[in-house]
Colleague: 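Okay, here's the structure, questions in a sec.
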Amino acid sequence: QVQLVESGGGTVQAGGSLRLSCTASIPINDVNTNFMAWYRQAPGKQRELLATMTNGGHTTYTDVVKGRFTISRDDSKNTLYLDMKALRPEETAVYYCSASHWSTDYWGKGTQVTVSL
């Protein structure tokens, strides 16, 4: 019964920045919320893992976004963030957040990010 709602998507020019938010219906620092993650999926492509964060604050990034994207959270708001900079046109996609809770993965509906040329 975990619900995740992404927001912050929109259109940005190449090289620009955007902050995505994902608000959860549960405490994201709950001991049973093992990790949260951001993914994206472009049309005709596989869903791509971008970044993860454990409830202890450990983060990982896929190579293509490392140094440009930052995953963070605000536990008081039960919100996960993805700060993206130097965005590229090929990164146009629907961006999703995910949470692992009681060893079950939950997904938001996604938010569209369009990077214009």
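Computed from heavy atoms alone, side chains included, the values below leave out hydrogens, waters and symmetry copies. Fair warning: this is a prediction, and the values are worked out from it, not measured in the lab.
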Colleague: According to side-chain hydrogen bond (donor to acceptor under 3.5 Å, both in side chains), who are the partners of Asn29, at least two apart in sequence or on a separate chain?
Modeller: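 So Asn29 forms no side-chain hydrogen bond (donor to acceptor under 3.5 Å, both in side chains) with any residue.
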Colleague: Would you say Thr92's side chain and Thr114's backbone share a donor-acceptor pair under 3.5 angstrom?
Modeller: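 Such a contact is absent between Thr92 side chain and Thr114 backbone.
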Colleague: Is Tyr61 reaching over with its side chain to a backbone N or O of Ile71, donor-acceptor style, under 3.5 angstrom?
Modeller: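 Yes; at least one donor-acceptor contact below 3.5 Å.
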Colleague: Distance-only, no hydrogens or angles: does the Trp38 side chain make a donor-acceptor pair with backbone N or O of Thr70 under 3.5 Å?
Modeller: no
Colleague: Please check: side-chain N/O of Arg68 versus main-chain N/O of Ala86, any donor-acceptor pairing under 3.5 Å?
Modeller: yes
Colleague: With the side chain counted from C-beta on, respond yes when Ser116 and Val12 share a heavy-atom pair under 4.5 Å apart, and no when they do not.
Modeller: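 No, too far: nothing below the 4.5 Å cut-off.
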Colleague: Where do Pro89 and Ala14 come nearest, in terms of heavy atoms and distance?
Modeller: CD-CB, 3.9 Å
Colleague: Is there side-chain contact between Leu20 and Thr111, with heavy atoms separated by less than 4.5 Å?
Modeller: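 With C-beta onward as the side chain, the pair touches.
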Colleague: With a 4.0 Å cut-off, would you call Glu6 and Lys109 a salt bridge?
Modeller: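 Between Lys109 and Glu6 there is no salt bridge, as every charged N stays at least 4.0 Å from the carboxylate O atoms.
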Colleague: Among side-chain atoms of Thr79 and Ser21, is any donor-acceptor pair under 3.5 angstrom?
Modeller: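 Short answer, no.
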Colleague: Crowded around Gln13 CD? As in, over 12 foreign heavy atoms under 6.0 Å?
Modeller: no
Colleague: Shortest non-hydrogen contact from Ser103 to Asn34?
Modeller: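 Minimum heavy-atom contact is N-OD1, 4.1 Å.
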Colleague: Could you tell me whether the side chain of Met84 reaches within less than 4.5 Å of the side chain of Leu50, counting heavy atoms only?
Modeller: no
Colleague: Do you reckon Val115 sits in the same ILVMFWY cluster as Tyr95, going by side-chain contacts under 4.5 Å, direct or chained?
Modeller: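 Same cluster: Val115 reaches Tyr95 through Ile, Leu, Val, Met, Phe, Trp or Tyr contacts under 4.5 Å.
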Colleague: Between atom CG of Asp83 and atom OG of Ser72, what is the distance when rounded to the nearest 0.5 Å?
Modeller: 5.5 Å
Colleague: Nearest 0.5 Å, please: how far is CZ in Phe69 from CZ in Arg40?
Modeller: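 Between atom CZ of Arg40 and atom CZ of Phe69 there are 5.0 Å.
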Colleague: Could you tell me whether Arg73 and Asp75 have a side-chain N and a carboxylate O separated by less than 4.0 Å?
Modeller: yes
Colleague: Starting from Val2, can I reach Leu80 by hopping between I/L/V/M/F/W/Y residues whose side chains sit under 4.5 Å apart?
Modeller: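 Per the 4.5 Å side-chain linkage, Leu80 and Val2 are co-clustered.
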Colleague: Does the Asn55 side chain pair with the main chain of Asp30, one donor and one acceptor, at a distance under 3.5 Å?
Modeller: yes
Colleague: Please round to the nearest 0.5 Å and tell me the distance separating atom CE of Met36 and atom SG of Cys97.
Modeller: 5.5 Å
Colleague: Going by the ring pair (Phe, Tyr, Trp, His ring centres under 6.0 Å) test, which pairs reach into residues 97-117, not counting sequence neighbours?
Modeller: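 Ring pair (Phe, Tyr, Trp, His ring centres under 6.0 Å) check on residues 97-117 returns Tyr39-Trp107.
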Colleague: If we only count heavy atoms from C-beta on, is the Asn78 to Ile26 side-chain gap below 4.5 Å?
Modeller: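 Sidechains of Ile26 and Asn78: no contact.
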Colleague: Using a 4.5 Å cut-off on heavy atoms from C-beta on, say whether the side chain of Val64 contacts that of Glu48.
Modeller: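 In contact.
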Colleague: What's the shortest heavy-atom distance between Leu82 and Ala51, and which atoms?
Modeller: CD1-CB, 4.5 Å
Colleague: Report yes or no: do Tyr81 and Leu4 belong to one cluster of Ile/Leu/Val/Met/Phe/Trp/Tyr joined by side chain heavy-atom distances under 4.5 Å?
Modeller: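 No, because Tyr81 and Leu4 fall into different hydrophobic clusters, even though each may have its own neighbours under 4.5 Å.
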Colleague: Drop me the distance from Asp74's CG to Thr23's OG1, to the nearest 0.5 angstrom.
Modeller: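 OG1 of Thr23 is found 9.5 Å from CG of Asp74.
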Colleague: Counting only heavy atoms from other residues, nucleotides and ligands, does the tally under 6.0 Å from CD of Gln3 exceed 12?
Modeller: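 No, because the 6.0 Å sphere around CD of Gln3 holds 12 heavy atoms or fewer from other groups.
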Colleague: Do the side chains of Lys45 and Glu90 get close enough for a salt bridge, i.e. N-O under 4.0 angstrom?
Modeller: no
Colleague: Does either side chain, that of Thr60 or that of Thr52, offer a donor lying less than 3.5 Å from an acceptor on the other one?
Modeller: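 Distance-only check passes for Thr60 and Thr52.
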